[in-house]
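One structure below.
Ligands are counted one by one from 1 in listed order, and the atoms in each one are counted from 1 as well. When reading the values below, keep in mind they use all heavy atoms of this one structure, side chains included, and skip hydrogens, waters and symmetry mates.
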Amino acid sequence: MKIQESSYSSDSAPNLKDSAAMGLFPSRLPHVGTTIFTIMSALASESKAINLGQGFPDFPCDPDLIAKVSTAMLAGHNQYPPMAGIVELRTAIAQKILAEYGKSYQPETEITITAGGTQGILTAVLCCVHPGDEVILLEPAYDSYQPAIELAGGKPIGISLQAIRNPEGQVTAYEIPWEKLSQAINSKTRLMMINSPHNPTGMVWGKADLDRLAKLLENTAVLVCSDEVYEHMVYDGQAHQSVASHPQLAKRSFLISSFGKTYHVTGWKIGYVAAPAALSHEFRKVHQFNVFTVNTPVQYGIAQYLQTAAHYQNLPNFYQAKRDYFRAGLANTRFKLLPCPGTYFQCVDYSALTVPEAKLNESDFCRWLTTEIGVAAIPVSAFYAKPLESGVVRFCFAKQAETLKSALLRLQHL
Ligand code: GLN
């Protein structure tokens, strides 16, 4: 059976006919198929390609973290934890946010443990967006945002980041289209989704950007869902700018983070949402009937592990070395490297390659790269609701040196 690609990608078709043919009920998400990450990982595995597509590390987490989780399990922490998460973990998170961003959240009322960032995002959207509300998102946007808004009955308003091009027409950077954002806000706007460091482009917001957003929202009731799951992957000596560090934004924001990203355990599906008490109260009403709570022993293990900040404080250097190695390996090729100030994703423009496949759209190019060259990537077009082809694909460099080396040997032939 052919798997239908998520239509949060440029080349997939609505699936209405299928559900109608099955005579069941109209789909709640008629334009959605399987996510591009699942599709490309399946293709990579089928083709025995090196998987630089879906974002996940191919190296283990710290054995000490595993030991701490195992100890919690052996100690009998295996029944339901409190609905919002164990207080030890919420307290450790509050201390971390205070130390990193200078904002004090109350563990009891303002921090909720979630089953990963995606559940946090969906729950935040569901708890505040009503049918007919507008939600602004910046495209390319992570592919869960639009379906989350649609499930709430909201109307996604996609605003494209402005692609800056060199004289050869290649994309060299992305900028926030402030004018367009300002024009998109009206009395129906309920929420704005922001994401820094940004998946897939790697761009990061500066302090001035947060100031500008705060100014834009100043006299509105617009809430903010701030996806900061790559908060500890900001490079070149820059600091991550969290909404938590900005008092005017913090009071209207759901801050989303993910331990999977920070601790190399994407399969554990655990993260958190920090938000003012009134927002957290509504968030928890939805959360309790969605997942109710999140697995207990991992919460205990992470609560202990968070006592030492060294791991996440070293993360920028750890990933910057991988980024630099990967970029150096592509520097003398015809791939045009986009800037990568954050995340573990490197975007490249492939339009100047001399192979005929350089003319393919992003999705077909990624399929070809996976099946014929043996390296999987993600088409950036999959992060847009309506087709937008820029000739740019995303590689994940959260990989062991040997994996990156083998991938580079294949890519350097092009
Ligand atoms: N966040 C990951 C990425 O961008 C993928 C997560 C998923 O597969 N749903 O690659």
#### Entry: Qualifying residues under ring-ring contact (aromatic ring centres under 6.0 Å, His included), relative to His246, sequence neighbours excluded
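Applying ring-ring contact (aromatic ring centres under 6.0 Å, His included) to His246 gives none.
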
Pairwise, report which nitrogen or oxygen atoms of ligand 1 are under 3.5 angstrom from protein nitrogen or oxygen atoms, and how far apart they are.
{"from": "ligand 1", "atom 1": "1 (N)", "to": "Tyr142", "atom 2": "OH", "distance (Å)": "3.3"}
{"from": "ligand 1", "atom 1": "4 (O)", "to": "Asn199", "atom 2": "ND2", "distance (Å)": "2.8"}
{"from": "ligand 1", "atom 1": "4 (O)", "to": "Arg394", "atom 2": "NH1", "distance (Å)": "3.0"}
{"from": "ligand 1", "atom 1": "8 (O)", "to": "Gln54", "atom 2": "NE2", "distance (Å)": "2.7"}
{"from": "ligand 1", "atom 1": "9 (N)", "to": "Tyr142", "atom 2": "OH", "distance (Å)": "3.3"}
{"from": "ligand 1", "atom 1": "10 (O)", "to": "Gly55", "atom 2": "N", "distance (Å)": "2.7"}
{"from": "ligand 1", "atom 1": "10 (O)", "to": "Arg394", "atom 2": "NH2", "distance (Å)": "2.7"}

### Message
According to ring-ring contact (aromatic ring centres under 6.0 Å, His included), does anything in residues 345-369 pair up with another residue at least two apart or in another chain? List the pairs.
### Response
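Output for this query lists Tyr230-Phe345, Tyr350-Phe365, Phe365-Trp368.
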
### Query
Is the Tyr101 ring parallel, tilted or perpendicular to the His240 ring (thresholds 30°, 60°)?
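Rings of Tyr101 and His240: perpendicular, as their planes differ by over 60°.
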
### Message
Does the structure place the NZ or CZ of Lys261 under 6.0 Å from the centre of the six-membered ring of Tyr344, at an angle of no more than 45° from the ring's axis?
### Response
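No; the conditions do not both hold, so Lys261 does not lie above the ring face of Tyr344.
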
### Message
Ring centres under 6.0 Å, that's the criterion: do Tyr235 and Tyr319 meet it?
### Response
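Between Tyr319 and Tyr235, which both carry aromatic rings, the centre distance is not below 6.0 Å.
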
### Results of side chain to side chain donor-acceptor pair (under 3.5 Å) for Thr123 - residues two or more places apart only
Gln119, Asn290

